[in-house]
Amino acid sequence: MDEPKVLPTAARATGCPYAPAAELYEMQKSEELPRIRIPNPMIGEFEAVALTRYSDIRSALNDDRLQMGFVFDPDAPRTMLNQPGNLLNYNGAEHSRLRRMLTAAFTVKRIRALQPMVEEVVAERLDALAAEGPGVDLVTEFSTPIPTQVICHLLGVPYADRADFQRRAKVGLDINTSREKQIENLAELDAYMAELVAAHRREPGDNMLGILVRDHGPELTDDELVGIGNMLLIAGHETTASMLSAGTALLLQHPEQLAVVRDDPSAIDGAIEELLRFCSPATTMPRQAAADLQVRDQVIKKGERVMTSILVANRDPDIEAPDLDTLDVRRPPQPHITFGYGAHQCLGQQLARLELRVALPALFNRFPTLAVGVDHDEIDYRTTALVFGVNRLPVTW
């Protein structure tokens, strides 16, 4: 059996999964923009320009000549990279049209209003952990249920259906599956979401799907609503679940940093930014140059694909902060692009911050002696998916 492939721009150091691989630092030092081979189950391996410096990536992602690498093609089989309604499959006016319909649900004010609901969900999961007892897997009993319950509540998806859509989300984010498997997987997810959309068309609920139908129903096709629902469901739980797992595992290996998160509420906002910067859970989608554009003094030609490395860009020495390879939750928040940048910057970033800000201190306060239940070098990290995280995290207290 072939070894699982790793996305080169997300490669992590052997034995140190939070650190970028040495070759990423070498690319970052290079004055020449490297062209590297990228594995992809949808279209096969392709060549892309690798961007690894923080300033290069910000500049490129803010340039409308650099567009999403996979735009919706109605004549091609549907995959995660080819779905109507998915914001990641659109550029320009069409992207703005769809994004505008969703923006109101993710304003800072709207997200703040969700805090009591998130606190209630976290309290329920802490009780569930206590009931399960030491040895429980934190990923299945805490990290994954919290964002899943929250996004199900917001979107109008039955929480009871979580096992199926979580499994499909994992397949969709796995770069080691086949194209055929990706097509089959999305067809199943589409069929599930189509039933929910049809139900909301008949009787719009008091949730995001219902609001979209009430406020924008005539402007959106059912296919677009299915794609929007899939995008929000997957992005709304998978990345935050991964960040909760990876952040907890990291803090349990740094007790002095964990103590700050647990004991100092005034430090929590900065601590969350540091954890997001340091863990860099998500990678960006491929981009493609719609016209020639220049990064530093070098040209990326029209048609060339581009891949960014958020992982190493978040530690770029040019940011001019001391020792960005060291976790320091008390450092002033440093610039990072964990949520991307430019027109496609993550719509749900404030929701993710809220969930992390509530869940992590609550976990460490409820279980002050929390510890990893296996040797640290036995923690099962997820390093070959599009989202970095932990597969299982047995804990004790």
Side-chain angles (χ1 to χ4, degrees), residues 41-42 77-89 102 105-106 114 117-118 121 124-125 128 137-178 180-201 205 207-213 222-245 281-282 285 346-348 351-352 355 359 382 385-392:
M42 319 288 184
R78 293 190 180 177
T79 67
M80 289 283 197
L81 302 183
N82 189 50
Q83 180 162 49
N86 186 337
L87 291 181
L88 299 176
N89 292 159
L102 300 172
F106 293 98
L114 298 175
M117 183 268 285
V118 174
V121 169
E124 288 175 5
R125 296 321 308 173
D137 175 22
L138 198 87
V139 175
T140 56
E141 296 296 334
F142 185 76
S143 308
T144 304
I146 290 171
T148 304
Q149 281 185 247
V150 170
I151 196 62
C152 282
H153 175 84
L154 287 180
L155 195 55
V157 172
Y159 183 64
D161 297 344
R162 63 191 180 280
D164 279 345
F165 67 68
Q166 286 171 345
R167 173 177 54 80
R168 291 171 189 140
K170 281 191 166 46
V171 172
L173 295 171
D174 185 353
I175 67 166
N176 286 284
T177 53
S178 67
E180 291 71 23
K181 180 68 177 174
Q182 289 286 343
I183 293 170
E184 176 189 334
N185 184 62
L186 186 66
E188 292 175 359
L189 194 58
D190 278 355
Y192 170 73
M193 189 58 68
E195 290 185 9
L196 291 178
V197 167
H200 282 283
R201 286 282 197 197
N207 47 57
M208 289 183 64
L209 280 176
I211 292 169
L212 280 169
V213 168
D222 284 354
D223 270 354
E224 287 176 327
L225 278 167
V226 167
I228 289 172
N230 284 342
M231 173 193 68
L232 293 176
L233 183 60
I234 293 174
H237 83 269
E238 186 65 28
T239 50
T240 306
S242 298
M243 187 61 212
L244 273 172
S245 301
M285 300 291 284
C346 176
L347 197 59
L351 177 59
E355 292 174 283
R382 191 191 319 144
L386 289 173
V387 179
F388 167 71
V390 182
N391 287 318
R392 289 190 73 252

| request: Under the side-chain hydrogen bond (donor to acceptor under 3.5 Å, both in side chains) rule, what do Y192 and D161 come out as? Steps first, then yes or no, please. | output: CA-CA 10 Å; Y192 170 73; D161 297 344; 2.6 Å; yes
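- In plain terms, the two heavy atoms of G172 and N185 that are nearest each other are N-ND2, 3.6 Å.
- Of the inter-residue distances, the one linking N86 atom CG with D223 atom CG reads 12.5 Å to the nearest 0.5 angstrom.
- When every heavy atom of L244 is checked against every heavy atom of A359, the shortest pair comes out as CD2-CB, 3.8 Å.
- Using a 4.5 Å heavy-atom cutoff, the side chains of V171 and K181 are in contact.
- What you find for A105 and M208 is that their closest heavy atoms are CB-CE, 3.8 Å.
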| L155 and N207: CA distance, side-chain angles, deciding distance, side-chain contact (heavy atoms from CB on, under 4.5 Å) verdict | CA-CA 5 Å; L155 195 55; N207 47 57; over 6 Å; no
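- Note: R201 CZ to L209 CG = 10.5 Å, rounded to the nearest 0.5 Å.
- Nearest approach of F165 to C152, heavy atoms of both residues: CZ-SG, 3.6 Å.
- Across all their heavy atoms, G348 and F106 have their closest contact at CA-CD2, 3.9 Å.
- The structure places NE2 of H153 at 4.5 Å from CE of M117, a figure rounded to the nearest 0.5 Å.
- Distance alone, capped at 3.5 Å, is enough to place a donor-acceptor pair between the N82 side chain and the P77 backbone.
- Remark: D137 CG to S143 OG distance equals 8.0 Å, nearest 0.5 Å.
- Between L232 and L154, the closest side-chain pair of non-hydrogen atoms is not below 4.5 Å.
- One finds the NZ atom of K170 at 11.0 Å from the CD1 atom of I234 (value rounded to the nearest 0.5 Å).
- In this structure, L102 and M231 have side chains that are in contact, with non-hydrogen atoms separated by less than 4.5 Å.
- The distance from the CD atom of E141 to the CG atom of L138 is 9.0 Å, given to the nearest 0.5 Å.
- Residues T148 and Q166 have side chains that bring a donor and an acceptor to within less than 3.5 angstrom of each other.
- Under the 4.0 Å criterion applied to side-chain N and carboxylate O atoms, R382 and E238 are assigned as salt-bridge partners.
- Judged by distance alone, with hydrogens and angles left aside, the side-chain atoms of T144 form a donor-acceptor pair with the main-chain N or O of V139 at under 3.5 Å.
- The shortest distance between side-chain heavy atoms of P84 and R78 falls below 4.5 Å.
- Of all the heavy atoms in Q83 and G227, the pair that sits closest is CD-CA, 3.7 Å.
- Considering only heavy atoms from C-beta on, M80 comes within 4.5 Å of L189 through its side chain.
- For the pair L186 and N230, the minimum side-chain heavy-atom distance is below 4.5 Å.
- Contact of the R162 side chain with the H237 side chain is not registered, since no non-hydrogen atoms from C-beta on lie closer than 4.5 Å.
- H200 places none of its side-chain heavy atoms less than 4.5 Å from the side chain of L225.
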